[in-house]
Amino acid sequence: MLRTLGAALAAALALTGLAASAGADRPPATTTTLATAATPAPTPTFACPPALPVSGQVTGATTTSITITYWMVLSPPCGYDPPLVVSLFASREDATAWRDPVAEAVTGPERSGKVTIGGLAAGTEYWFRFGDTKGARDPYVIGGPARTLSLCSATATIDSRWGSGFVATVTVRNDGTEPVPGWLVSWRWSGDERIQSIWGGVAEGSGQDAAVRNASWNGTLAPGASATFGLLVASSATPAAITPVCGR
């Protein structure tokens with residue numbers, strides 16, 4: 001019994017030695033761990049366009065002023081902070097180029113409201129743009145034309161006509177409550193009309209753009225008063241009507 005147990009133990013030890021020897025002949029196994037670098041998530045960048053526009057429209061006019069109602073679309077950084085600067089220009093070309101503003105006014109602290117710009121000429125067209133008091137200019141909105149009220153009105157009648165011309169009378173009336181120190185009536189011809197003679201006024205227009213200023217003796221009109229001037233016009237066809245506009 002003891003001999004058998006010893007033989008078995010000797011055999012087991014021999015097998016263990018063989019296994020160890022075989023393992024020693026092979027290089028030890030290695031485990032390689034590949035480190036994967038984490039890609040950082042991009043941080044979103046919020047980019048504003050040029051400040052979103054201020055909106056506005058003309059809601060009132062007198063002979064010497066224009067009232068503009070405005071409202072701001074967004075707050076900074078994409079919008080404006082009040083107050084605003086409203087600039088008036090004599091032409092759309094000047095407004096587009098921000099060139100030679102003829103008048104400016106600063107709004108109140110409200111994000112929407114009204115601003116009145118005074119000291120303007122009667123019966124005159126203007127274009128407006130917005131900026132802020134720090135010098136930023138709205139790149140979008142060009143409003144207009146906005147016209148001040150005329151101190152006077154004008155109507156025309158064609159008195160007689162023939163194959164190569166006609167005679168017309170234009171009446172100028174002071175519709176206001178203050179005296180008119182002088183008037184200018186203008187209109188646009190529809191064809192080849194040419195003024196041959198004029199009485200009661202002084203011609204100033206050229207080409208298709210006709211204009212007549214008061215004579216030295218009939219320029220001042222009291223409220224409700226009127227003056228007239230006459231035209232002898234050469235034309236291949238008599239227009240259906242003349243539509244004059246009175247200003248100063």
Side-chain angles (χ1 to χ4, degrees), residues 40-154 173-186 211 220-224 244-248:
T43 302
T45 302
F46 182 75
C48 283
L52 294 178
V54 183
S55 295
Q57 63 182 17
V58 176
T59 54
T62 69
T63 55
T64 59
S65 69
I66 290 173
T67 298
I68 297 172
T69 297
Y70 67 92
W71 54 95
M72 301 183 193
V73 178
L74 289 178
S75 300
C78 289
Y80 295 99
D81 263 336
L84 292 173
V85 177
V86 184
S87 302
L88 291 186
F89 300 86
S91 69
R92 186 176 180 85
E93 291 73 22
D94 286 348
T96 300
W98 283 93
R99 180 177 58 231
D100 301 329
V102 298
E104 291 184 332
V106 178
T107 71
E110 303 83 12
R111 294 194 62 80
S112 61
K114 295 181 180 181
V115 61
T116 298
I117 307 173
L120 307 179
T124 304
E125 290 183 341
Y126 297 94
W127 282 255
F128 62 88
R129 299 200 71 173
F130 296 104
D132 65 20
T133 55
K134 299 177 183 178
R137 294 172 171 176
D138 174 68
Y140 303 107
V141 175
I142 301 177
R147 176 183 286 274
T148 52
L149 299 181
S150 297
L151 290 172
C152 55
S153 62
R173 180 177 298 278
N174 180 356
D175 296 322
T177 59
E178 299 179 2
V180 172
W183 44 264
L184 175 68
V185 174
S186 60
T220 301
L221 298 177
V245 176
C246 184
R248 289 178 61 183

What closest approach, in Å, do Tyr70 and Glu110 show between heavy atoms, and which atom pair accounts for it?
OH-O, 3.2 Å
Donor-acceptor contacts under 3.5 Å from residues 78-90 side chains, at least two apart:
unit_1	atom_1	unit_2	atom_2	d
Tyr80	OH	Asp138	N	3.3
Ser87	OG	Glu104	OE2	2.8

dist Thr107:OG1 -> Ile68:CD1 (nearest 0.5 Å) comes out at 11.0 Å
Smallest heavy-atom separation, Ser55 atom then Val73 atom, equals OG-CG2, 4.3 Å
Distance-only, no hydrogens or angles: does the Thr62 side chain make a donor-acceptor pair with backbone N or O of Ser65 under 3.5 Å?
yes
So which heavy atom on Ala95 is nearest to which on Ile142, and how close?
CB-CG2, 3.9 Å
Which heavy-atom pair separates Thr63 from Thr148 by the least distance, and what is that distance?
O-CB, 3.7 Å
Looking only at atom types and distance, does a side-chain atom of Arg173 sit under 3.5 Å from a main-chain N or O of Ala154, one as donor and one as acceptor?
no
Can you tell me how far the CZ atom of Arg137 sits from the CZ atom of Phe130, to the nearest 0.5 Å?
15.0 Å
At what distance, to the nearest 0.5 angstrom, does CG of Asp94 lie from CZ of Arg129?
11.5 Å
Answer yes or no: is there a donor N or O on one side and an acceptor on the other, between the side chain of Asp132 and the main chain of Gly135, under 3.5 Å?
yes
Closest non-hydrogen atom pair between Trp183 and Val185, with its separation
CE3-CG2, 3.9 Å
Which atom pairs, donor and acceptor, lie under 3.5 Å between side-chain atoms of residues 114-123 and protein residues at least two apart or in another chain?
unit_1	atom_1	unit_2	atom_2	d
Thr116	OG1	Thr67	OG1	2.9

Of all the heavy-atom pairs spanning Trp127 and Pro145, show the shortest one and how long it is.
CZ2-CB, 3.6 Å
